[in-house]
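Encoded as structure tokens, the structure appears first; notes follow it.
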Amino acid sequence: MINIKENEHLSIMNHSCAHLLAQAVKHIYPNALFWVGPVIEEGFYYDIDLGDETLTEEALEKIEREMKKIAKDGKRIVREEISKADALEKFANDPYKVDLISRMDEDEQVISCYTQGDFTDLCRGPHLESVKELKFFKLIKFSGAYWKGDAKNKMLQRIYGVCFENEEDLNAHLAELEEAKERDHRKIGKEQELYMNHELVGAGMPLWLPNGSIIRKQLENYIYEKEQKLGYDHVYTPCVGTVDLYKTSGHWDHYKENMFPMMKVDEEEFVLRPMNCPHHMLIFKNKMHSYRDLPVRIGEFATDFRYEASGAVKGLERVRCMCQNDAHLFVTPEQIGEEFKKVVSLILDVYRDFGLQNYKFRLSLRDPEDKEKYFDDDQMWNEAEAKLREVLNELGVEYFEAVGEAAFYGPKLDVEVKPAVGPEVTLSTCQLDFLLPRRFELSYINSKGEKETPVVLHRAIFGTFDRFTAFIIEETKGRFPTWLSPVQVKVIPVNAEFQGDYGKEIKDYLAENGIRVELDDRNEKLGYRLREAQTQKVPYTLILGDAEKENNTISYRLHGEKDTTTLPKEEFLKMLKEEIESKSLRK
RNA sequence: GCCGAAAUAGCUCAAUUGGUAGAGCAACUGAUUUGUAAUCAGUAGGUUACGGGUUCAAGUCCUGUUUUCGGCACCA
């Protein structure tokens, strides 16, 4: 997908198109007031106050027609510079413009306006020469959006659109949007029976169906093995904790709003846990630790519950019940860098195994101005942030910094990915924590025989199994590598009557050797059964006729390919097993 | 949570201004016995998400709830 914001000409074009949109809206809704209309990666939008009016699909079409009309008329776009005082006077009746102008820098005394025909908008520019250059655009969608992005403010109407230089690019873009819907994990999840939801179970509470459960189990086994080799100790802990546990950790004060409400049993107060840190802190505290034991790495596939806003839940990506691929690493201050490095290396290793390339590392730092949101210890923050940067540079990892995105208790490194539909989400995370060990009064004995407080690294490589599965579905478009495929082999005898027994024999042979195999000996034509195997995206389809039966061979066809290969069954099994064990990616 | 939209058979969708809820696929039964993406015929399948209201009459209009979708906000 073309990133419009990064292409200078397209960027200018889309910005001018945003103005064209505003002009058209003004023609149809004379009382409309305009906030801002920036260019974004996928095009542009404009935030508009329409008073009591609400938009509809029809209104959007009408606006688009009006835009075409204005563009065809072909007025020039004229820049004019006026003083701040003049601007305030000119836009005196527009509270949004007054707000914008009055918040501009003191030294910015000249303000630019752009006029096209009967419409003038405050704007830094630059713009196209004329609106007649705008020919290939489309309004995509509309929605509400809070003024200044603050939920305490009034909600404006936001219209999204996109503009290109020619029809081909526009059509290609629209086709890509359609294609994205096709690989949406919610669509594939339903088609391939990976998971379901039910309103009686509740929003954001997915039920993993047998097919999805196979994938999840494979992911669990995969990461468990990796973590074992890296010295992690896996544990099981309860999904509930007392309120006091979360008061001790501090989550009760900072996170209560996002937890399911407290439940009272007799006189005790419990909550469903939203994270596992407190439990793992107590496991660390269960015995004395020497500096020689550290790092201690406690891992768990832990089910957590978070009361996500109703408007936020989405498929397997944003849920209220999730399973974290969680671990807490207890380290000495000196070990922070080395251990952080190991985590980042593990992330890179895993992403390589899955062939993932479209992700970004985000180093989330505190906003030093915001004393409310962040644990107050300047030295701790500065040292920790410097340490993380140092390791990332050492590893040569590309990353960007996000001020104000850190957790309350420390800086973190997140991996951001873009789902088929919707904004970016965090997959992997590694967070530094100086606070929780203190709150739980954790200690280890250092080399001088003194008690010292360890530092904790929270980390989740897959993030949650739910979200990672969603992402893998979209990355593979439902064509999972063989090791993850719910069904790895489909056996189809040409004729059930003549080769049915042979089909059963082959199926049993593969199943006994640990292959996930299904036999389709229904009384249907070969083409019909083959088609179904293809639409289900089964990696290997075996076709067994008289020739195969006589020679004790199998003929296989790879998903998406037309030709078949004939092999003795032992050779096929050997090949398949190698592919599965090496976790090969699909070509 | 907020601004909008939507919910009809297992799935994908129809159903003029309010006037007998249909189709394709899937399922089931039978015929057909198949060599690389859909064989034919028949059968069954619904309190139109759930509650309340308006009306002679509601899938359709009003209203509450739930869920879903597009965004926004949130994401210790």
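Reminder, nothing fancy here: chain letters follow the sequence lines and each chain counts from 1. Just so we're clear, the structure is a prediction, and the values are computed from it rather than from any experiment.
Across all strands shown, A:Gly311 has heavy atoms under 4.0 Å from base atoms, whether or not it also approaches the sugar-phosphate. Note on A:Gln499: nothing from the nucleic acid sits closer than 4.0 angstrom, heavy atoms only. At a threshold of 4.0 angstrom between heavy atoms, the contacts of A:Asn197 with the nucleic acid are absent. A:Val425 comes within 4.0 angstrom of nothing in the nucleic acid, heavy atoms only.
OP1 or OP2 of B:C72 has at least one side-chain nitrogen or oxygen of A:Tyr160 nearer than 4.0 Å. For the OP1/OP2 pair of B:C69 and a distance below 4.0 Å, the side-chain nitrogens and oxygens of A:Arg186 include at least one atom meeting the criterion. When the side-chain nitrogen and oxygen atoms of A:Ser143 are compared with OP1 and OP2 of B:C72, none of them lie within a distance under 4.0 Å. At B:G70, none of the side-chain N or O atoms of A:Lys141 fall inside 4.0 Å of OP1 or OP2 (strictly under the cut-off).
The separation of B:U29 from B:U12, taken at their C1' atoms, amounts to 25 Å, rounded to a whole angstrom. Using atom C1' as the reference point in both B:C13 and B:C74, the two lie 36 Å apart (nearest Å). Here, B:U54 and B:G10 have their C1' atoms 35 Å apart, quoted to the whole Å. Rounded to the nearest Å, the gap between the P atom of B:C61 and that of B:U67 is 23 Å. Distance noted for atom C1' between B:U60 and B:U8: 11 Å (whole Å). Going from the P atom of B:A5 to that of B:U48 covers 24 Å, rounded to whole Å. When the P atom is used for both B:C25 and B:G42, the distance is 12 Å, rounded to whole Å. Taking atom P on both nucleotides, B:U43 is separated from B:A6 by 36 Å, rounded to a whole Å.
Judged by atom type and distance alone, A:Arg318 reaches the base of B:C74 through a side-chain donor-acceptor pair under 3.5 Å. With hydrogens and angles ignored, no donor-acceptor pair closer than 3.5 Å exists between the side chain of A:Glu308 and the base of B:G1. With hydrogens and angles ignored, a donor-acceptor pair under 3.5 angstrom links the side chain of A:Tyr146 to the base of B:G1.
Taking the six-membered ring for Trp and thresholds of 30 and 60 degrees, A:Phe284 and A:Phe330 have nearly parallel ring planes, at less than 30 degrees apart.
For the pair A:Arg362 CZ and B:C75 P, the interatomic distance rounds to 11 Å; values are reported in whole Å. Taking atom OH on A:Tyr409 and atom P on B:C75, their separation rounds to 13 Å, with Å as the unit. Computed from coordinates, the A:Ile159 CD1 to B:C3 P distance equals 18 Å when rounded to whole Å. Atoms CD1 (A:Ile492) and C1' (B:G35) sit 11 Å apart, rounded to a whole Å. In this structure, CD of A:Gln157 is placed 10 Å from P of B:A5, rounded to the nearest angstrom. Whole-Å rounding puts the A:Phe498 CZ to B:G35 C1' distance at 14 Å.
Checked against a 6.0 Å centroid threshold, the rings of A:Phe468 and A:Phe465 do not count as neighbours.
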Without placing hydrogens or testing angles, list every side-chain donor-acceptor pair under 3.5 Å for residues 406-413 of chain A, not counting sequence neighbours.
{"unit_1": "A:Tyr409", "atom_1": "OH", "unit_2": "A:Gln431", "atom_2": "OE1", "d": "2.1"}

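B:C61 is paired with B:G53 under the Watson-Crick or G-U wobble criterion, all donor-acceptor distances under 3.5 Å. Across all strands shown, B:A7 forms a Watson-Crick or G-U wobble pair with B:U66, both key distances being under 3.5 Å. Nucleotide B:U12 has B:A23 as its partner under the Watson-Crick or G-U criteria, with both atom distances under 3.5 Å. Pair check for B:A41 finds B:U29; Watson-Crick or G-U wobble, both atom distances under 3.5 Å.
When the nearest nucleotides of RNA chain B are assigned to A:Glu497 and A:Glu424 by heavy-atom distance, the more 5′-ward of the two goes with A:Glu497.
Residues satisfying the side chain to side chain donor-acceptor pair (under 3.5 Å) criterion with A:Tyr160, sequence neighbours excluded, are A:Arg158.
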Table of protein N/O atoms under 3.5 Å from nucleotides 6-16 of chain B N/O atoms:
{"unit_1": "B:U12", "atom_1": "OP1", "unit_2": "A:Lys190", "atom_2": "NZ", "d": "3.4"}

